[in-house]
Amino acid sequence: MANFTEIIEKIRELPSDLYGKDFLLTWDKSIEELQKILWTAEALKYLRDQNISPRIFDSGLAVSIFRDNSTRTRFSFASAANLLGLQVQDMDEMKSQIAHGETVRETANMISFLTDVIGIRDDMYLGAGHTYMQEFSEALEDGFQNGVLPQRPGIINLQCDLDHPTQSMADLLHLKNYFGSLEALKGKKIAMTWAYSPSYGKPLSVPQGIIGLMTRFGMEVALAFPEGYGLVPEIEEMAKKNAEASGGHFQTFHTMEDAFAEADIVYPKSWAPFSIMEERTQLLKKNDQQGLTDLEKTCLLNNARYKEWECTEERMKLTKKGSALYMHCLPADISRVSCQQGEVQAEVFEKYRIETYKEAGYKPYIIASMIVNSRLSDPTTVLEKIAKGGCLRLSSM
Amino acid sequence: MANFTEIIEKIRELPSDLYGKDFLLTWDKSIEELQKILWTAEALKYLRDQNISPRIFDSGLAVSIFRDNSTRTRFSFASAANLLGLQVQDMDEMKSQIAHGETVRETANMISFLTDVIGIRDDMYLGAGHTYMQEFSEALEDGFQNGVLPQRPGIINLQCDLDHPTQSMADLLHLKNYFGSLEALKGKKIAMTWAYSPSYGKPLSVPQGIIGLMTRFGMEVALAFPEGYGLVPEIEEMAKKNAEASGGHFQTFHTMEDAFAEADIVYPKSWAPFSIMEERTQLLKKNDQQGLTDLEKTCLLNNARYKEWECTEERMKLTKKGSALYMHCLPADISRVSCQQGEVQAEVFEKYRIETYKEAGYKPYIIASMIVNSRLSDPTTVLEKIAKGGCLRLSSM
Amino acid sequence: MANFTEIIEKIRELPSDLYGKDFLLTWDKSIEELQKILWTAEALKYLRDQNISPRIFDSGLAVSIFRDNSTRTRFSFASAANLLGLQVQDMDEMKSQIAHGETVRETANMISFLTDVIGIRDDMYLGAGHTYMQEFSEALEDGFQNGVLPQRPGIINLQCDLDHPTQSMADLLHLKNYFGSLEALKGKKIAMTWAYSPSYGKPLSVPQGIIGLMTRFGMEVALAFPEGYGLVPEIEEMAKKNAEASGGHFQTFHTMEDAFAEADIVYPKSWAPFSIMEERTQLLKKNDQQGLTDLEKTCLLNNARYKEWECTEERMKLTKKGSALYMHCLPADISRVSCQQGEVQAEVFEKYRIETYKEAGYKPYIIASMIVNSRLSDPTTVLEKIAKGGCLRLSSM
């Protein structure tokens, strides 16, 4: 890792409009802003690794709103908040219902009087998660403009129906460090492929987040899935345009082999077909339990036709020098470990297990970086001050 | 707002016996003590608004005991605790049962070894909530006197069957700032009126808290409700005596129009009839589910006879210059927004929406003020020291 | 209590290998290490009682994993973590399942990126709790060695199937202070006896923890239980060897009277028979609900044969001068208070009630001490520095 002064210089040079803003979608942000998030994450990690506490808040709440349980994301958010001095407060009441209108407007204000950041995870309903976050954002803006809120809390998207920016940015930071730099990623081939899982209804946000982000850094992005398992069409379109603009490449395939061929990185992962997710959303809205059960049955049957979409040692041999980096957002469905047959062979997973853990380890810092950049107009000056005179994280002699 | 030095002077001048004590009912406290709570809340808000952290604890727990879910109060308590440096720890286990005797005595001690404040919300059973808090208080006193507890945690009533002091005090602070001073409230007419809601069994503590508190500041308090919807008789009696003592006025009406006439403030809100609450309490104690269902049916039918008890634009015209301040503890049942027909017309609510949010925004500071006054024998000296040398809440250049 | 400098000297003199290690079983630790835990607990308590904040962390998570609800242990852990500056984060997802293999390995790492301590309570399955903690420990070691975790979090056993070290060590600290010193415990007789309770399936870890620990300090440990209510045989064996090595004594009886005779301390408490717990574990694993119900019935019937195993005033007269110290880990089943007939007569309990509360009051400090010794290679230097220049816990003039 570059030394701290160099990191600070990098951050300082990058123009950005992150201050006072939400982080909902990576494609709403400029390349410079994304780089700034990465470098700030590295600065925070550097300080903590040196036992210097990068605490910028003396008090303040970090509210988490999750529609479903999520150990990994919950702990990442809690770690990030705690690292910076914020106290997590869960807003469980939102779990079971989709709130709209005055309810959202009021709730957003009621939980925000002394709140600095709100992390929302809402990936259950296609067409709903991102919309909800936007509505929430407008409510906060309204409260702030009208003098209800002394500060405008920033929203961080902890996974919606469209994007999973804390995941994809952590993945990008992992790639940056694995290959040495963002520049080194140019021309590298990443295979984002569907893989078989015995479960049903996994969200589209991870593959969408990956193709939406990696195409902006000059990478060759190969998306592969069985017929009918396409992503939200607008996002596939956007990936294509991103690639054109960045000097990268984006192509869709219907075999794992095509995607794996000469790949530098593979990211095999299950997801539900877009059309199924749309149908599911309608059934969920109508609370049609029979319909949901029937859909699940159909979907699992359909899934079962693609059992051989598995990341095997054989297929890994197709990749660049047979040694592409295997990635996963975890938990992976590992064949004969976590299920009878799944996304990846145990031998492949075990070889890259530690790398997938490291990949996940960047997420707390990515979230902390998003908070820092949303709350501080000039993070570099504050971070430099902390580096010089900062307090130890753990007391020592 | 008066400047900080003036606020500190006000607090210093007010005699009080708040140190080391619980805050259970506003009517247990002197006028000077209530004023001290208000001014300290303003001092804390002032400091935080200036980005100075009014943290007085380096560690310590703030235990919350809630018998029902409550987003707003929970967040207010969490915000207040966090602002002062305490860590909220929920005591969920109490939710489903009413504990007595040795169980209360033991639990109170077991959760208090390193605890500074305990917030209790217990409004489900008439005749139970306040009694429970008193029993809890005695258990803490016993533990403290016998050397079990190194400090005596203060209890804050976050809503009981009799009073809702953090709500009524936040309401009072809102009125103080809206009309300019406590003195300006003398002679002002506030209409605390029942209003129709499609739900059932809302507690009496808000209207009781309002008539119990506002009558002490020389206000003209008009309480209005349909026949049979009276409050706890002793509290209505007390309100009358308060008014006599403070030079105010207290009167009961049976139409909204009488209460709204020339009112400066209106507070239309649903509550369950006292007699129904008593019956409900008996059924809950016996766990008589059929009885509860029957009672709910009867009660909703009865409620439905008073559907026109709604805060309408027409009725608002009856108030002083047609522009009385509308108040609500939130969430309000807004007609054709949150329900078919409810407590208030959408047009009225929308006009005062931001004011109701601001009203709610005082609650964290009221709770923090109650904690500060319970834990510090001389809050002014500490607050002055913080104002001079205090640490920033959010780091900046 | 000895003054602070003396305590620090005691700690400094004791050799230990606690740094960077877990605390799973007291019998894994040397006598010196156990003494170090006790003295450090006293140092922390001393500082806090003097209103000096013994905070050693500026940030960091303390993860709690509980398989069942536990108010007392939960609050002790939260208090200890908070006292030292750590933020508790619950890992609820583990409640319902026993995870193994890759799931444990992955979860252990995913929740530990910024975590300093993990408290685990897992006492439901005989043969499972301790094994689970060991597996968790290996996973953390693996993550730390492979560079996934920047620090190796220490695990604290908050109760397993074998031992309950935070309880037994708090009990020991209580005895140390009650009788004046550890030396004063030599030759003192403690009666760890079974007692009747109307409930079923209480864990063996408390009596096992007591006989496993107290036999190491030269005490005369009398274990009494009805036929068939024996503990894990290996632990009874170990207790015998401990006693031989420490100059103490360990003997098993089958009447309360034999154990109470001339005892200095009595610890009457219900537990399930070892063989029943083994059967129950098998049924739980098979999720055999009918089997569990049948077993409970048999077990309660069997229990009922020993209703006269109660700590009565009469039996207390058999103890040394009729005034042995009564101990309990709480909550006790008090006859005619918390149940019809239980472990202890109300008169006996009431006489020692405050002592049992004080006994419990040591637990937060024992846990904090375990954290401090696991995280700091040289706690004395840090504690001395805090004592001299430390920050106030609660601000004052």
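Residue numbering restarts at 1 for every chain, and letters A, B, ... go by the order of the sequence lines.
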Student: Can you list the steps and then say if Q151(C) with R48(A) is a side-chain contact (heavy atoms from CB on, under 4.5 Å)?
Tutor: CA-CA 11 Å; Q151(C) 70 289 314; R48(A) 204 219 182 250; 2.7 Å; yes
Student: Evaluate salt bridge (charged side-chain N to carboxylate O under 4.0 Å, His left out) for D58(C) paired with R393(A), printing each intermediate quantity in order.
Tutor: CA-CA 5 Å; D58(C) 198 52; R393(A) 191 196 72 84; over 6 Å; no
Student: Is it the side chain or the backbone of P331(A) that comes within 4.5 Å of chain C heavy atoms, both, or neither?
Tutor: both
Student: Please step through side-chain contact (heavy atoms from CB on, under 4.5 Å) for the pair R353(A) and D142(C), ending with a clear verdict.
Tutor: CA-CA 11 Å; R353(A) 187 174 61 84; D142(C) 169 78; 3.1 Å; yes
Student: L84(A) versus chain C, heavy atoms under 4.5 Å apart: side chain, backbone, both or neither?
Tutor: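 Interface part for L84(A): neither.
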Student: Can you establish whether the number of heavy atoms outside K10(C) located under 6.0 Å from its atom NZ is more than 12?
Tutor: no
Student: How far does CZ of R72(A) sit from CD1 of I111(C), to the nearest 0.5 angstrom?
Tutor: 10.0 Å
Student: Distance from S79(A) atom OG to Q89(C) atom CD, nearest 0.5 Å?
Tutor: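 Those atoms lie 7.5 Å apart.
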Student: Measuring from atom CD of E106(C) to atom CG of L330(A), what distance do you get when rounded to the nearest 0.5 angstrom?
Tutor: 4.5 Å
Student: If the contact rule is any heavy atom under 4.5 Å from chain C, which residues of residues 338-351 of chain A qualify, in numerical order?
Tutor: F349(A), E350(A)
Student: Less than 4.5 Å apart, any side-chain heavy atom of L394(A) and any of L376(C)?
Tutor: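 SC-SC contact between L394(A) and L376(C) confirmed.
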Student: Mind checking the OG-CE spacing from S76(A) to M110(C)? Nearest 0.5 Å is all I need.
Tutor: 8.5 Å
Student: Which one of L149(C), D116(C), T115(C) has the most heavy-atom pairs closer than 4.5 Å to chain A?
Tutor: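 The answer is D116(C).
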Student: Which pair of non-hydrogen atoms, one from F113(C) and one from Y357(A), has the smallest distance, and what is that distance?
Tutor: CZ-O, 3.5 Å
Student: Roughly how far, to the nearest 0.5 Å, is the CG atom of L114(C) from the CG atom of L83(A)?
Tutor: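 These two atoms lie 5.5 Å from each other.
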Student: Which bit of N146(C) is near chain A, if near means a heavy-atom gap under 4.5 Å: side chain, backbone, both or neither?
Tutor: both
Student: Which heavy atom of D49(A) sits nearest a heavy atom of P150(C), and at what distance?
Tutor: OD1-CB, 3.8 Å
Student: Working to the nearest 0.5 Å, report the span between CG of N82(A) and CZ of F57(C).
Tutor: 11.0 Å
